[in-house]
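The analysis underlying the following values was restricted to heavy atoms, covering all of them including side chains, and did not include hydrogens, waters or symmetry mates. Letters go in sequence order (proteins before strands), and every chain restarts at 1.
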Amino acid sequence: MKYIQEFRDPAKAQALLHGIRQLLPRIARPRGRPLQVMEVCGGHTHAIFRYGVPGMLPPEIEFVHGPGCPVCVLPMGRVDDCVALAERPDVVLASFGDALRVPGSRKSLLQAKAAGADVRMVYSPLDALELARREPDREVVFFALGFETTMPATACTVLRAQAEGLRNFSVFCNHITIVPTIKAILDSPGMDLDGFLGPGHVAMVVGTRPFEFVARHYRRPMVVAGFEPLDVLQALWMLLSQLAQGRCEVENQYSRIVRADGNAQALEAIGRVFELRDYFEWRGLGSIDHSGVRLREAFAEFDAERRFALPGVRIVDPKACQCGEVLKGVIKPHQCKVFGRACTPEKPLGSLMVSSEGACAAYYQYARVDISALRREALA
Amino acid sequence: MSGRIELAHGGGGSLMRRLIEDLILPAFDNPALRPLEDQAVIALAELAGHGDRLAFSTDTYVVSPLFFPGGDIGTLAVAGTVNDLAMSGARPLYLSCGLVLEEGLPLETLRRALASMRETAARAGVWIVTGDTKVVERGAADKLFINTAGVGVVPAGVALGAHLARPGDAVVINGDIGDHGVAVLVARNQLALEADVASDCQPLGDLVAAMLASGAGLRCLRDPTRGGVAAVLNEFAQASRVGIRIRELGLPLRDEVRGACEILGLDPLYLANEGKLLAVVAAVDAPMLLRVMRQHPAGQRAAVIGQVCAGPAGRVILETEFGGERLVELLAGEQLPRIC
């Protein structure tokens with residue numbers, strides 16, 4: 001457990017909190033409102049709640065939970081297409097575990113499985129490839145999703161399938177890319193964010209350079225952060241230092257993993273296999289140009305969208321859901337009309353409630369009620 | 001032992017009789033079973049000698065794989081039901097054993113599971129006194145399922161219940177959490193993950209008897225199986241309309257289990273245990289109860305993990321190792337299927 005406990009040291013946390021409190025008076029806050037820092041990545045959202053970070057911070061700082069949970073932003077129509085694939089009698093649908101419960105308009109993959117579809121949980125796209133080798137007379141389709149973090153693994157798997165000449169393996173590609181999405185948030189009316197914690201694992205692949213526009217064009221500081229709680233606090237301290245000193249840069253707190261230029265091999269594999277789509281539909285955020293990728297023509301035979309006829313129906317997000325406003329940080333999860341009532345982890349309406357990285361699920365799981373209010377109640 | 005289960009082994013004829021006489025009777029032999037009637041008959045006077053209320057419970061075991069480090073479906077099938085009885089304060093006495101066998105099951109597999117049942121029953125001081133065997137065609141069940149029901153007797157004066165926790169009480173556990181969940185997960189061998197973790201599967205009747213005999217003011221007892229420590233603490237908090245605060249750093253946890261949870265993204269609070277109990281006890285008695293538990297082989301790593309407080313009612317709050325606080329909710333879905 002060495003190299004993990006060190007990143008959760010409560011004494012170091014207190015030192016960083018002290019530093020953060022000292023910076024606050026030097027940062028201008030219009031109308032005295034709290035500073036709003038968006039953590040882009042769902043992994044950060046989860047860590048922040050898992051370790052109880054919000055209750056440790058001074059009330060002048062608020063986290064806004066961003067769109068960086070690939071399962072959460074998947075629109076219902078794509079889930080419906082995936083369910084339709086799974087329901088084909090010749091198909092084995094291989095998926096990561098956290099995508100199984102995402103609601104489609106008719107059912108989730110888990111419900112399709114209960115009704116007889118051959119849905120298998122895998123931990124890696126290579127597990128899906130192994131299924132294809134072992135069951136040559138079945139069509140194995142891998143439900144590929146994720147940001148640039150998981151793209152290299154899918155790309156390498158497709159390259160290997162091609163090298164082996166596998167005829168029964170394909171990928172239902174839902175990979176998305178984070179930069180256009182951050183742009184869309186920065187362009188949205190009413191955007192009032194003071195800075196960003198950058199997505200550490202995406203940056204591990206693409207580097208920090210693709211995020212420079214945040215500081216240059218939009219004049220917002222960003223610190224690319226790791227996923228242990230001390231990483232988060234240190235990145236926050238770095239971000240506040242920029243604000244206090246009037247700087248606006250993209251800095252790298254996660255330097256033990258992230259390089260400015262990213263991972264060349266991973267980028268090369270992505271470039272060989274994928275090309276940008278003109279647009280991709282996001283749950284809650286609508287259609288965003290150049291925000292998704294698909295397999296290049298040279299890999300058409302491994303592309304489930306070209307290999308099978310898919311319904312491809314667009315499903316409008318449920319009316320009552322405010323997923324989009326939560327994703328943009330306009331409201332907090334518990335301020336949504338259906339949070340904890342019509343929409344719960346047992347019966348999710350919106351997918352932010354499904355994945356463990358979803359802001360709503362994290363709120364529900366770890367902080368359904370305001371912990372500081374609870375503390376007052378307990379002391380009373 | 002060679003050979004496999006055939007449909008005829010469940011047919012009521014000679015093959016079934018041979019299965020019972022060659023495999024099942026020798027494993028469970030005791031005076032109540034020996035007459036091979038359709039039921040076991042137990043004298044009420046004998047039961048009344050142990051207390052004034054009957055405890056009655058049942059559970060069905062479908063664990064996959066059947067054998068894992070620290071136990072197997074047989075140890076689970078006895079210890080699980082014995083523990084459900086013991087959590088009422090009852091002395092567990094008699095079990096039934098219902099077997100569902102898949103056609104093609106190697107007889108040797110069944111023999112090993114039955115031997116484990118015998119051994120665990122002997123450890124727990126219970127007799128398996130009645131049973132049933134069904135065989136289903138290949139594919140209609142996965143190898144071997146076992147149902148056990150059990151009866152025990154609650155001693156006069158013992159009153160335990162999840163609704164009895166009071167503010168100020170201490171929350172105690174008898175040892176490391178999450179061993180069973182991780183042991184089964186690793187034994188499935190799907191993760192290319194190696195960890196030297198054995199299931200904690202064990203009967204707890206004797207430990208409970210020692211805890212009751214200590215005279216400590218015990219309020220609630222429950223075994224954190226599926227749903228883990230998180231589920232039981234929430235049940236206590238809700239039934240008693242109190243709050244419960246636990247400290248992450250105070251949770252007894254093996255390094256191997258902690259490491260596996262880190263890699264797999266699991267929370268040990270939700271992992272299944274099969275030889276653990278959570279007790280709520282009057283705070284003044286907690287040190288004495290801990291001493292008694294630690295002298296027992298099933299309680300050597302017993303620890304106080306938290307306190308009951310007046311509010312927030314029905315909530316469990318964790319003080320994290322990092323110095324923050326968070327709510328411990330019930331898990332919505334299934335963390336791991338077929339864990340017991």
statement: So, the part of B:Glu248 with a heavy atom under 4.5 Å from chain A: the answer is side chain

- request: Counting only heavy atoms closer than 4.5 Å, note whether A:Asp9 contacts chain B via side chain, backbone, both or neither.
  value: backbone

- request: Identify whether the distance between the nearest side-chain nitrogen and carboxylate oxygen of A:Glu6 and A:Lys12 falls below 4.0 Å.
  value: no

task: Using the test side chain to side chain contact (heavy atoms under 4.5 Å, CB included), find all partners of A:Thr344 that sit at least two apart in sequence or belong to another chain.
output: A:Glu346, A:Lys347, A:Tyr364

query: Between A:Pro229, A:Pro10, A:Ala11, A:Ala13, which has the largest tally of heavy atom pairs under 4.5 Å with chain B?
result: A:Pro229

task: Indicate the ring-plane relationship of A:Phe339 and A:His334, choosing parallel, tilted or perpendicular according to the 30° and 60° boundaries.
output: perpendicular

statement: Rounded to the nearest 0.5 Å, the NZ atom of B:Lys276 sits from the CG atom of B:Asp200 at a distance of 3.5 Å

field: Partner chain B: residue of A:Leu17, A:Val53, A:Leu230 with the largest heavy-atom pair count (under 4.5 Å)
entry: A:Leu230

statement: Those residues at least two apart in sequence (or on a different chain) that pass side-chain hydrogen bond (donor to acceptor under 3.5 Å, both in side chains) with B:Glu103 are none

statement: Honestly, the part of A:Leu110 sitting under 4.5 Å from a heavy atom of chain B is neither

